[in-house]
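Here is the structure we will look at, set down as structure tokens.
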Number of protein chains: 2
Amino acid sequence: MTNIASGNTLAAVASLIGDVARANILSALMDGRALTAGELAWHAGVSAQTTSGHLAKLTDAKLIAVEKQGRHRYFRLATPDIAQAIEALMAVAATGPKRHRPVGPKDIAMRTARTCYDHLAGRLGIALADALTTKGHVIISDGAGAVTRKGSKFLSEFGIDLAKADKGSRPLCKTCLDWSERRSHLAGRLGAALCVRCFDLGWIRREKDSRAVAITRSGQSGFAKTFGISL
Amino acid sequence: MTNIASGNTLAAVASLIGDVARANILSALMDGRALTAGELAWHAGVSAQTTSGHLAKLTDAKLIAVEKQGRHRYFRLATPDIAQAIEALMAVAATGPKRHRPVGPKDIAMRTARTCYDHLAGRLGIALADALTTKGHVIISDGAGAVTRKGSKFLSEFGIDLAKADKGSRPLCKTCLDWSERRSHLAGRLGAALCVRCFDLGWIRREKDSRAVAITRSGQSGFAKTFGISL
DNA sequence: AGGATAGTTCGGTGCAGGCCGAAATGTGGC
DNA sequence: GCCACATTTCGGCCTGCACCGAACTATCCT
């Protein structure tokens, strides 16, 4: 065996994700929010004791981070890297052999619009990326994007100030492969800012117990007026 | 549990990667070449029978593809997506809790220069990306890159013709997070073409049983003269 | 044809780890 | 102080699966 060390840790990380209960936990955290152990137990579909064990393992491996608040413990994905790795795995899983389509109402909602870590995905995410691209506000080249001067002005009018360098290290405008649309949507600081702004404007709101988001009445007109989008 | 279907398949894929033997197999295939079952058994560190079972599972799941040639069966990663997912997992694994540094000579070679699926990574990969960027041949913005007109000319003189659209679907110039350098290097069709060209020129050559590549004597002067790189 | 090499299938062993019930710890509210 | 609720720890069960030895098939070589 060549490089046992890197192989081992690769296997260790993948193995952590490779358990159904833990995969459900991580999927539930993919919207970037922090959830309590109890909520995660519900998502995982196993008892609270079992979940506790899983959470300990994930925390030890630094895949998730924990914050204590009173008698609750809030868990969230440790870094955006983790989310990216999981999204990449989801993309692989989506192309798998099983082309089964037991499409439920939840699935439809997910495909229409959802959060992906801290930005928007699904048809809405794609539509936003397209709208910004065709109007020349963002240039997407292959796997990433750059904001034009014109785009910067447009976004500032929309209420997003990209100048304040949130965290210097985080890329401004990345793209992220959408597992349902098989195309790229906007991630990075821009993607996150867009998402927050849409929530602030009341254009979208979170569905209960899901990453899916619903487009509100005002969102329907807002997206149409500002971006020319109608889903 | 919310979306049992997606969670399950996510878990299934991760679980396949999450076995040490299979992770070693996939790691060995990360350089994009096709290897025989016997070679993979050696990389995996288990017997041929056991390896056969693993290969069957990976093939069933479409993570790897197989091609029969005489009494050999050649296995390779099924799609670039798979390589990307594994690379993302490696990036996560590299940041893990264990900061152990049992750096061997092989490890040093890997960090200096190696192939990553079908393009170059390690210090050499980073240096190439830097050189092309600072000379204005490629513009890297956050997570991807675009080739400038000037760059297109330069590359053509170097012996790379990006015009012939290899496969229309594959992105021209993507970036890929380097797990050893923690920075991006060039992937996509451009990255692959650069890699092939350097092999053709005899500037680099593959190490035995490893993803590492060695920089030849002529490579030393070639990289210096053409790109201003000296490692 | 006979021998060597590549790979797979079968059967049986053994261990890792996921699961839950019960009980313990910790925290907030009254 | 006492109860309710959130979460963890302990102990034991049980399944899944990675592993190998041995035997079998397929292909190449001479």
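These values consider heavy atoms only, across backbone and side chains, with no hydrogens, waters or symmetry-generated copies. Lettering follows sequence order; numbering is per chain, from 1.
Within the 4.0 angstrom heavy-atom criterion, no nucleotide atom of any strand lies near T51(B). Among the heavy atoms of the strands lying under 4.0 Å from A48(A) is at least one base atom, whether or not backbone atoms are also near.
Of the residues D81(A), L29(A), T79(A), I82(A), the one that meets the side chain to side chain contact (heavy atoms under 4.5 Å, CB included) test with L63(A) is I82(A).
Side chains of L35(B) and F75(B) form no contact here, defined as non-hydrogen atoms less than 4.5 Å apart. Looking only at side-chain heavy atoms (C-beta outward), R114(A) and V213(A) stay at 4.5 Å or farther from each other.
Side-chain N or O atoms of S52(B) include none that pairs as donor or acceptor with a backbone N or O of A48(B) at under 3.5 Å. Under a 3.5 Å cut-off, the side chain of Q220(A) and the backbone N or O of R217(A) do not form any donor-acceptor pair. Remark: the backbone N or O of G202(A) is paired with a side-chain donor or acceptor of T216(A) at under 3.5 angstrom. Side chain of S15(A) to main chain of S15(B): no donor-acceptor pair is present (N/O by atom type, distance under 3.5 Å, no hydrogens or angles).
Taking the six-membered ring for Trp and thresholds of 30 and 60 degrees, F158(A) and W203(A) have ring planes inclined between 30 and 60 degrees apart.
Annotation: of the two residues near DNA chain D, G53(A) and R71(A), the 5′-most nearest-nucleotide partner is R71(A). Between T50(A) and R73(B), the residue anchored nearer the 5' end of DNA chain C, judged by the nucleotide with its closest heavy atom, is R73(B).
Bracketed by its first and final contacts, the part of DNA chain D lying under 4.0 Å from non-hydrogen atoms of chain B reaches from dA18(D) to dC28(D) in 5' to 3' order. First and last contacting nucleotides of DNA chain C toward chain B (any atom under 4.0 angstrom from a heavy atom, 5' to 3' order): dA4(C) to dT9(C).
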